[in-house]
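Everything below concerns the one structure shown next.
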Amino acid sequence: MIRDQIIVQTPDGAYPIFVGTSLLTQVGKLVSNLESANFSKRCAIVTNRRVGALHAARVINSLCGNNFEPYTIEIPDGEKFKTLDTLRAIYDQLIEAQLDRQSVIFALGGGVIGDMTGFAAATFLRGVEFVQLPTTLLAMVDASIGGKVAVDHPRGKNLIGAFKQPLAVISDTDMLATLPEAEFRSGMAEVVKHGIIGDAELFWKLEVGSWKLEVGDWLPRAIRVKVEIVERDPLEKGERAKLNLGHTFGHAFEKLSNYEMRHGDGVSLGMVCAARLAAQRKICDESFVVRIENLLRAIGLPTRIPNDMTTDAIIDAMTTDKKRVEDHIVFLLPQALGAVEIVDNVTREEIVAVIQATRD
Ligand SMILES: NC(=O)c1ccc[n+]([C@@H]2O[C@H](COP(=O)([O-])OP(=O)(O)OC[C@H]3O[C@@H](n4cnc5c(N)ncnc54)[C@H](O)[C@@H]3O)[C@@H](O)[C@H]2O)c1
């Protein structure tokens, strides 16, 4: 059942995001009904073993029932396989499957599958259409929206990529039932972030605990925050920077944990630090920091910096982060619900004070 349909305007057109339940069984129909539909029967589904075992059968049946002939490509699970080598294996199988320029590729999985499949679609035969079937909360509220697709390079994440808008995003919230709790929590950090940067009502809903209840109540709101930002800044020239709230500190924590810390956990800690820096600078009230912290804690996200990460190491890790303009580290600081400020003149002393105040 479709609960919401959100249209994303892009420089070249528009695409729909469908949000609802039992949508994987309708993929074939939804895609066949798209205005631009004139697709080859042959199509491909890219997934990994874990997600594929749980959810691919429904997509395959739905596509077969709508005159498509899907070929399933399974790649290994995990960020460490988001590489050019895996991409090459995907190209090999797309050729093997005899896809043509009218073929569609379906990305069934979390952000790793979406990013890699999107990059394959952007480049295979100079570009074929692709559909995002996000299966993690993070992919639903963030990675599947906005057209950024990429693979990692040994020297850094997402260094090889493109902008490629999907034909459609189909977010079936039933997928979240099989998602491990830690992955769900990690996605919730981005949902909270969207509340802070763009939707006070979303933040209030989360504060009263509605994230535990019906996902369909708040997920479309969280999606809309990103949609509105990417519509205004499709090629990441300005406003998209808002989406990096908590990421300057967050990336440093992830890096110092050798990437054992989940991205959402890093963002959670990073948002607390950003809010504290904002309060130190009188950009926001101290009470706002407390509200953000309380909400993150209630969700089960971390709000205290691990003591084995020294202040010097955190600052070193931050200064090699790519969110720099010239030689200044850029911070996004929350002012109030729905308002952030970009600052690039933060001193080392200020950062030290924030880190110390965010320890137990
Ligand atoms: N393109 C963008 O704008 C954008 C934005 C944010 C993040 N990203 C990228 O997204 C990636 C992270 O995405 P992620 O957090 O979804 O991680 P992920 O894709 O690695 O998925 C997390 C884990 O959950 C499993 N999983 C996925 N769906 C499941 C389900 N329904 N049931 C059970 N298990 C399931 C996966 O197999 C994996 O083990 C990163 O590579 C990041 O760079 C991209």
Side-chain angles (χ1 to χ4, degrees), residues 8 10 17 21 23-24 46-59 74-83 86-87 107-122 130 132-153 156-166 169-191 193-194 215 222-223 225-227 229-230 233-236 240-247 250-251 254 259 261-268 322:
V8 187
T10 69
I17 300 176
T21 51
L23 293 187
L24 282 198
V46 180
T47 189
N48 65 38
R49 188 164 304 157
R50 182 171 180 183
V51 178
L54 290 164
H55 303 297
R58 268 172 284 174
V59 182
E74 243 180 40
I75 59 175
D77 186 8
E79 179 79 30
K80 69 173 187 290
F81 295 105
K82 191 176 147 184
T83 60
T86 309
L87 190 65
L108 175 67
V112 167
I113 293 283
D115 276 15
M116 244 190 315
T117 307
F119 190 72
F130 93 114
Q132 293 267 22
L133 307 174
T135 62
T136 63
L137 180 57
L138 181 122
M140 290 179 193
V141 296
D142 192 354
S144 66
I145 309 162
K148 285 207 292 181
V149 295
V151 294
D152 298 336
H153 184 274
K157 277 192 69 179
N158 299 323
L159 289 187
I160 302 153
F163 282 96
K164 167 79 182 170
Q165 306 297 343
V169 180
I170 302 173
S171 286
D172 184 342
T173 55
D174 293 345
M175 298 299 97
L176 302 177
T178 59
L179 193 64
E181 209 179 305
E183 295 295 345
F184 182 82
R185 265 203 314 270
S186 183
M188 279 308 296
E190 304 289 352
V191 175
K193 182 193 78 183
H194 288 185
V215 179
I223 290 173
V225 171
K226 177 143 184 190
V227 167
I229 292 174
V230 301
D233 182 14
L235 299 178
E236 203 168 27
R240 262 199 194 201
K242 279 185 183 173
L243 294 163
N244 290 328
L245 176 70
H247 285 58
H251 281 157
E254 284 179 73
Y259 295 95
M261 183 184 278
R262 277 197 169 67
H263 178 67
D265 290 351
V267 171
S268 172
K322 64 183 173 184

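The chain is numbered in sequence order, starting from 1. Both counts, for ligands and for their atoms, begin at 1 and track the order of listing.
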When Leu108, Leu23, Val59 are each screened for side chain to side chain contact (heavy atoms under 4.5 Å, CB included) with Ile170, the one that passes is Leu23
Of all protein heavy atoms, the one nearest atom 35 (C) of ligand 1 is Leu179 CD1, 3.7 Å
The closest protein heavy-atom partner of atom 6 (C) of ligand 1 is Asp142 OD2, 3.5 Å
Applying a strict 4.0 Å limit to heavy atoms, is Gly118 in contact with ligand 1?
no
Is Arg49 salt-bridged to Asp77, going by a charged N under 4.0 Å from an acidic O?
no
Below 4.0 Å from any atom of ligand 1, is there a heavy atom belonging to Lys226?
-> yes
All heavy atoms of Val267 vs all of Glu190, minimum pair found to be CG2-OE2, 3.7 Å
Is the closest heavy atom of Glu190 to ligand 1 under 4.0 Å? no
Of Lys157, Lys148, Lys82, the one forming a side-chain hydrogen bond (donor to acceptor under 3.5 Å, both in side chains) with Asp115 is Lys82
The atoms of ligand 1 lying under 4.0 Å from a heavy atom of Lys148, numbered in the order shown, are 1 (N), 2 (C), 3 (O)
Ligand 1 to Leu138, heavy atom cutoff 4.0 Å, flagged ligand atoms 7 (C), 10 (O), 12 (C), 13 (O), 14 (P), 15 (O)
Residue, atom and distance of the protein heavy atom nearest atom 10 (O) of ligand 1 read Gly111 CA, 3.3 Å
The atoms of ligand 1 lying under 4.0 Å from a heavy atom of Leu54, numbered in the order shown, are 32 (N), 33 (C)
